[in-house]
Q: 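Have a look at this one.
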Amino acid sequence: MTGSLRQWLASDQPASRRQAVLGNLARGAKAIITNPAALTGLLIVIALLIVALFAPLIAGRISPIAQDLAARLAPPSSAHWFGTDELGRDIYARTVHGARVTLTIVMLVAVFVAPIGLAVGTAAGYLGGWVDALLMRITDIFLAFPRLVLALAFAAALGPGIENAVIAISLTAWPPYARIARAETVTIARSDFIAAVVLQGAASARILFRHIVPLCLSSVIVRLTLDMAGIILTAAGLGFLGLGAQPPTAEWGAMVSSGRDVILDQWWVATIPGLAIFIVSLGFNLLGDGLRDVLDPKNA
Amino acid sequence: MSEPPLIEVEDLNVSFPGRGGLTRAVRGASFSLGRERLGIVGESGSGKSTTGWALLGLVPRPGIVTARRMSLSGTDLLSLGESDWQSLRGRRMSMVMQDPKYSLNPVLRVGRQIQETYRLHHRSSAAEARRHALAMLEAVRIRDADQVFHLYPHQLSGGMGQRVMIAMMLIAEPDLLIADEPTSALDVTVQNQVLRILDDLVTVRGMGLIFISHNLTIVSSFCDRVLVMYGGRIVEECKADELDRAKHPYTRALIRAAPSLASYQPELSVVVRDPEWLA
Amino acid sequence: MAGGTEMKGLAAGRPAFAVVRRFAAFLGSLLLTFLGLTAVTFGIGRFIPVDPVLAVVGDHATRAVYDKTYLAMGLDRPVPVQYLIYLRKLVSGDFGQSVMTSRPVLSDLMQFFPATFELATIATLIGVIIGVPAGVTAGALKGRWPDHLVRIVGLFGYSMPVFWLGLVGLFVFYGKLGWVSGPGRLDVAYDDIVTSRTGIILVDSLIEGEWAVFRNAIAHLILPAGILGYFSLAYIARMTRSFMIEQLSQEYVVAARVKGRSFWGAVWHHAFPNIMVALITVIGLSYASLLEGAVLTETVFAWPGLGLYITHSLFNADMNAVLGGTLMVGAVFIGVNLLCDLLYKIFDPRLRTQ
Ligand SMILES: Nc1ncnc2c1ncn2[C@@H]1O[C@H](COP(=O)(O)OP(=O)(O)O)[C@@H](O)[C@H]1O
Ligand SMILES: [Mg+2]
């Protein structure tokens with residue numbers, strides 16, 4: 001039974017589109033799982049998801065915002081595994097809850113960036129002519145900007161907060177996606193099957209949404225995975241500067257910032273949330289590298 | 001007759017470990033060569049180039065080379081250390097590769113690349129190396145040697161590029177030249193020109209030549225002796241002018257499949273393979 | 001006859017013409033990108049703070065003052081006109097007044113820039129001196145332990161928050177080991193000994209021969225520069241590695257071995273010259289992105305450069321200063337980017353002569 005399923009997946013002459021897609025997925029999954037680095041990355045990302053989903057359970061029902069001024073800046077102990085911060089809050093609970101904030105930011109950015117990039121890129125690639133020239137010029141201009149500084153300016157203008165941090169990051173992160181979507185669109189639009197659809201009399205909008213956008217989607221998603229670490233680091237940077245999640249929300253970048261002044265004496269306050277940022281972005285980087293190896297073995 | 005032959009190879013095996021097991025590129029090849037022209041023919045993938053690389057000690061990783069004997073004018077190649085190889089390559093044997101577009105360094109001027117070979121093997125001043133390089137350019141019949149000297153490879157035509165390549169590989173006067181499909185990448189019109197230059201240099205300098213090609217017609221007209229390779233094995237060895245008496249069915253099939261102007265064939269035959277040949 | 005000379009003249013004129021055209025295209029894209037940059041900073045300044053007038057006059061201004069400022073700022077004019085006014089001001093060096101320092105933003109920027117320049121330059125030097133050989137070695141020994149090592153070092157660099165690494169660095173090398181000096185550019189005792197000529201303390205102290213100041217400056221610089229240098233190294237090594245792998249698969253490398261070059265001789269004398277041009281671009285990009293990394297590093301190390309200036313202004317809601325700083329970093333960023341592009345076209349013989 002499993003044997004025949006395996007054969008069905010591994011077939012190099014798939015009988016249906018679904019078999020081809022699933023077969024490719026299975027081959028990719030196998031390549032990721034057999035690559036120790038990529039597997040480590042995958043496990044880290046899964047761990048992030050679990051921690052974020054079940055944060056209250058994993059934090060042992062300790063509130064991430066409950067203050068205990070008597071136990072300020074306590075070193076790691078059995079009562080407080082990662083110690084406490086300057087307001088006596090439990091750093092373990094805050095780190096665990098911080099996973100939620102990080103995941104939220106990353107997912108929101110993805111939700112913003114992909115459609116903007118897709119819209120600009122497919123429109124440019126499909127319509128061509130001056131629309132293409134104009135849109136790509138704008139894309140290039142945004143691409144030439146220093147991302148963090150621009151995000152900083154946006155965040156400063158919009159005011160601090162998670163939502164604004166997300167908007168600021170998205171505003172600076174979309175250009176590569178537009179580039180990718182455009183390149184794909186140009187190739188797809190030239191292909192015979194699109195010509196066939198046009199001959200059948202389909203409308204432009206329909207061609208764009210039914211045929212071109214779905215095909216661009218996969219490369220956009222791959223690129224997103226590769227970008228996640230960068231997004232996390234930018235978000236943490238904004239948080240560190242006080243432009244991300246506002247107190248008392250537990251956000252890793254802001255937590256590092258709150259440990260700044262006591263780094264020489266109470267190292268754990270800044271070190272532990274920073275470690276969390278490091279591990280999570282390392283996870284995405286490892287996974288992303290693995291994905292790229294699978295999709296583009298030439299550059300492995 | 002005490003002088004040892006230029007090249008002696010006995011039972012040469014080269015294999016490449018890969019995902020699907022071992023690829024045996026050369027299997028038990030034995031041959032020897034004096035100051036003569038030896039042609040190696042065979043279809044693509046039959047192990048011709050790999051044989052050449054093995055002689056130069058440059059089989060790419062992760063290839064494994066074994067042989068009972070492999071020597072150059074009596075020098076045992078199998079026991080050579082890396083620095084011995086380096087003083088031997090370029091100086092005692094050399095190789096002209098297929099396509100000058102890829103085998104010349106694109107960012108270095110032609111003159112510098114020719115000089116380099118000379119200076120790797122001779123203590124010499126820059127001026128002397130330059131003089132030698134210019135002379136070598138003239139030897140491969142490049143007219144404006146002074147100008148060509150300062151050009152970059154992309155500014156040369158294919159034929160020019162291959163002549164530069166020959167100059168670069170012969171400037172240190174090796175005893176043996178391996179020419180691996182030296183004209184396959186060139187326009188038919190310049191192929192003969194380049195072959196003639198190669199021919200003259202080999203004759204004048206009394207070098208040994210291993211001429212690798214998939215083109216039976218060129219090999220048989222250019223070489224003294226011919227080896228035919230199939231699937232990593234040497235399946236036939238004979239004098240070039242006795243090819244029509246070749247015994248191996250693969251060779252005979254190759255001859256039938258080769259177009260010839262001398263005798264008109266209404267239809268060229270296709271080589272039909274026999275698994276027995278690999279046994 | 002005449003036709004012949006004319007042909008020759010044309011042929012000779014063509015490469016020069018190509019250079020001119022390339023340069024014009026370069027200037028064109030430079031100009032366009034700068035226009036875009038200013039349009040964005042203008043947009044942020046004009047539209048996003050709900051009321052730019054209030055930002056200037058404060059919450060408690062009278063109606064009359066408010067109206068006067070409104071008109072004085074040209075806010076009654078159409079937006080494109082306002083943009084043109086903004087551009088004209090920028091071109092004449094008027095970035096507005098900083099609320100925080102109550103000085104023109106431009107003179108603030110000029111004062112803070114050298115510190116960032118010093119930091120980013122030393123960091124890039126570290127990145128190049130270590131990153132290029134590391135990348136070449138990794139690429140040449142692909143799949144063996146030096147390669148894995150470089151890959152891991154690079155991955156860590158891509159994954160670490162720079163501000164966190166800065167803090168940990170301070171804790172270990174300053175707090176625990178005492179090998180380096182703490183935040184700031186100089187100890188207080190060394191302040192104001194050398195006059196600021198270039199604003200780059202290493203240079204200024206050398207000019208005056210103040211070795212004690214020079215040493216102290218190094219002790220302060222080494223940690224932030226080392227940390228930024230690590231990020232630069234990670235990027236440069238990774239790019240160098242992949243360029244190298246690509247080149248080493250080329251036939252001319254084997255040809256060099258056939259001539260009698262050693263493996264490393266072929267790597268450095270043949271493959272390396274082929275990646276040099278691309279490396280210039282990478283180094284330029286890394287330099288530009290260090291200006292950006294400096295925003296966070298300078299905050300951690302209280303390094304009085306552009307980054308610190310921008311973040312301080314941010315907390316004081318000093319929008320002119322923030323946008324001025326953004327414009328400055330953006331301008332340098334774009335400038336370096338395009339310069340690399342130009343260098344690329346000048347130095348690659350394949351592009352230079354065709
Ligand atoms: N670097 C390598 N790695 C793995 N296999 C190789 C390599 N080089 C050659 N081979 C294999 O060795 C065989 C002979 O190749 P080659 O000597 O290039 O043939 P020819 O020159 O006659 O066309 C081929 O099957 C080829 O796949
Ligand atoms: Mg070959």
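For clarity, every value in this text was computed on a predicted model and none was experimentally measured. Note that these values count all heavy atoms, side chains included, but never hydrogens, waters or copies made by symmetry. In what follows, chains are A, B, ... by sequence order, proteins preceding strands, each numbered from 1.
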Q: Is chain C contacted by the side chain of A:Phe142, its backbone, both, or neither, given a heavy-atom distance below 4.5 Å?
A: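 The side chain, not the backbone.
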Q: Any chance you could lay out the side-chain contact (heavy atoms from CB on, under 4.5 Å) test for C:Leu165 and A:Phe278, step after step, and finish with the verdict?
A: CA-CA 10 Å; C:Leu165 193 61; A:Phe278 171 48; over 6 Å; no
Q: Answer yes or no: is there a donor N or O on one side and an acceptor on the other, between the side chain of C:Trp164 and the main chain of A:Thr271, under 3.5 Å?
A: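 Between the backbone of A:Thr271 and the side chain of C:Trp164 there is a qualifying donor-acceptor contact (under 3.5 Å).
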Q: Report the C-alpha separation of C:Thr33 and A:Arg137 in whole Å, then their side-chain angles, then the decisive distance to 0.1 Å, and conclude whether the side-chain contact (heavy atoms from CB on, under 4.5 Å) test is met.
A: CA-CA 8 Å; C:Thr33 319; A:Arg137 200 66 236 176; 3.7 Å; yes
Q: Rounded at 0.5 Å granularity, tell me how far CD1 in A:Ile263 sits from CG in C:Leu167.
A: 5.0 Å
Q: So which of C:Leu155, C:Thr311, C:Val172, C:Leu35 has the largest heavy-atom pair count under 4.5 angstrom toward chain A?
A: C:Leu155
Q: Please identify, among C:Val322, C:Val162, C:Val168, C:Val40, the residue contributing the most non-hydrogen atom pairs under 4.5 Å to chain A.
A: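 Option with the top pair count is C:Val40.
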Q: Just so I understand: if I count every heavy-atom pair under 4.5 Å between each of A:Ile279, A:Asp265, A:Leu241 and chain C, which residue has the most?
A: A:Leu241
Q: Taking side chain as everything from C-beta outward and backbone as N, CA, C, O, which of these in C:Phe156 sits under 4.5 Å from a heavy atom of chain A? Side chain, backbone, both or neither.
A: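 Contact with chain A is through both the backbone and side chain of C:Phe156.
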Q: Report which part of C:Val332 has an atom under 4.5 Å of a heavy atom belonging to chain A: side chain, backbone, both, or neither.
A: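 Neither part, no heavy atoms under 4.5 Å.
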Q: Considering non-hydrogen atoms only, spot the tightest contact between C:Gly175 and A:Leu264 and give its length.
A: CA-CD2, 3.7 Å
Q: To the nearest 0.5 Å, what is the distance between CD1 (A:Ile277) and CE (C:Met160)?
A: 12.0 Å
Q: Counting only heavy atoms from other residues, nucleotides and ligands, does the tally under 6.0 Å from CZ of C:Phe113 exceed 12?
A: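 Result for CZ/C:Phe113: enclosed.
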Q: Measure the spacing between CG of A:Leu152 and CG of C:Leu296 and express it to the nearest 0.5 Å.
A: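 Here the interatomic distance stands at 8.0 Å.
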Q: Provide the closest heavy-atom pair for C:Thr299 versus A:Arg260 in the form atom of the first, atom of the second, distance.
A: O-NH2, 2.9 Å
Q: Step through the shown structure and confirm whether more than 12 heavy atoms of other residues, nucleotides or ligands are within 6.0 Å of OH on C:Tyr83.
A: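 Yes, OH of C:Tyr83 has more than 12 neighbouring heavy atoms, counting only those of other groups under 6.0 Å.
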Q: From the options A:Leu233, A:Val280, A:Ile232, A:Asn285, select the one residue that forms a side-chain contact (heavy atoms from CB on, under 4.5 Å) with C:Ser159.
A: A:Asn285
